[in-house]
Each structure stands twice: as C-alpha cells, then as structure tokens.
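First listed ligand is number 1; within each ligand, the first listed atom is number 1. Model, not experiment: these values are computed from the prediction. Both backbone and side-chain heavy atoms feed into the values below; hydrogens, waters and symmetry mates do not.
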Amino acid sequence: MTPIRRQVESVRAAYGSLPRGLRQHVARVAREARDLAARWDADPDRAELAAWGHDLFRAHPPAEQLRLATEAGLPITEADRREPVLLHGPIAAVVLRERFLLTDDEVLAAVRDHTLGAPAMPLLAKIILLADKFEPRKRRRDPVLREIRRLARRDLDTALLCWADWKWVQERTFGWASHPAHWEARQRWVAEHHLDRAMPPILPLDSSDPDSLPE
Ligand SMILES: [Fe+2]
Ligand SMILES: [Fe+2]
C-alpha cells in the first residue's frame, strides 16, 4: 500500500465513531472528488484523502467546535461564534496535520476552505469544495447543482463562481447572512473572471455622453 493510501485508510477509520449519514456523504464526496480530479489531471488519491478529511468534525456539537478551534489557536470571528459549524474545516485541517501527520499543504487547504472558499485556492481545494456541493444526493435535491457539476468539467473557476452566485441568491432569499470570508473570496473570483475575459474596468460616468448618464 502506498503511503497516501495508508493515510486515506487511517482517516477513513476515524469515521467509525461518527454518524452513518455523515460517513455516507463523505464517501459520495470522495467518489465525486476522484472523478473530478482525474478529469483535471490531479491525483485522485490526494483528492480522496482531502475528501475523507473534510468533514471529520462536521458532526461535533457547536460548543465542542468552538472549544476545539480555541484550543487549536484558530482565529474565531463573530460569524463563527454565531455559527460554530463553520469552523469544522479549519479544525479538521489542524487535526490532520498534527494528529494524522499530513504534510500535503494543498490537501490541508482543501479541507480548511471547503465550506467558504478562499481568494486563492489550489486545484485540489476547488475540486473538494465543488465535489462536496454537488455529490449525488445534493444534486438530486437541487437541479442547479447538476448544472454546476456539468460546468465544473469544462471550467472549474467558472463553476466555483456560479456556485458562489447560487449561494448568494440562497442567502438573500432566505435572509441568511453572507460570511465575510466567503464574500472576500467571491470578490476575488469575480475580479479574476473579468480579467480572464479581458473585460475593461468599469469606467466613471462620462458627462459628455448623455447615453452613459442615469435617467
Ligand atoms: Fe463540511
Ligand atoms: Fe461535506
């Protein structure tokens, strides 16, 4: 067995004491992530390792998540205090590094940022975030996620941005707050998208051109 397969097995074994539903979700994410990794020329074993790591602390009670995050010395924002579940990725990244002795920084970044995203994400992190969002059960529940999955096979960055747009609409529709860290990431993705498309910056209003002025 290769060292990476051994790590996958040891992280997977930790789900023995976690809820069955969570274990099944993570197994679906692992399959989805392997598939997406193969399409983008990333290592499917590294993707699977990150997938098994991503929700290790998802089922822990909020008070426990806050305690673990404090113990790990993680920065805790107001938004995290309101919704400690947001800390489960960062906590898992620390535990994987310290207890499971994982040293692959891209795997750790993928685990840490899988909930909110980050302004700069390595390929593996994009794969894990997306696989987590459109694993089969979630895309059956919401057809938009099926479309985002289709897009992810052609263009990962645009798929990420579409997911962020969908999330934004959900947040406004249901009156949920947008997490500042996610919003920062989203702004960067939008700016990069515009750069990719070589769009000119938005110009100031031109007072000599009546058509450029508001009604
Ligand atoms: Fe998660
Ligand atoms: Fe997940």
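- Ion pair E171/K167 flagged as a salt bridge, since at least one NZ, NE, NH1 or NH2 atom sits closer than 4.0 Å to an Asp/Glu carboxylate oxygen.
- For the pair E32 and R139, the salt-bridge criterion is met [side-chain N within less than 4.0 Å of a carboxylate O].
- Note on H88: its N/O/S atom closest to the Fe ion (ligand 1) is NE2.
- Atom CZ of R172 has more than 12 neighbouring heavy atoms from other residues, nucleotides or ligands inside a 6.0 Å radius.
- Using a cutoff of 4.0 Å between basic side-chain nitrogens and carboxylate oxygens, D35 and R39 are scored as salt-bridged.
- In this pair, W163 and W189 present their aromatic rings tilted. The plane angle is within the 30 to 60° band.
- Contact record, K126 with M121: CE-O, 3.4 Å, taken as the closest heavy-atom pair.
- The Fe ion (ligand 2) has H25 NE2, H54 NE2, D55 OD2, D132 OD1 as its protein N, O or S neighbours under 2.8 Å.
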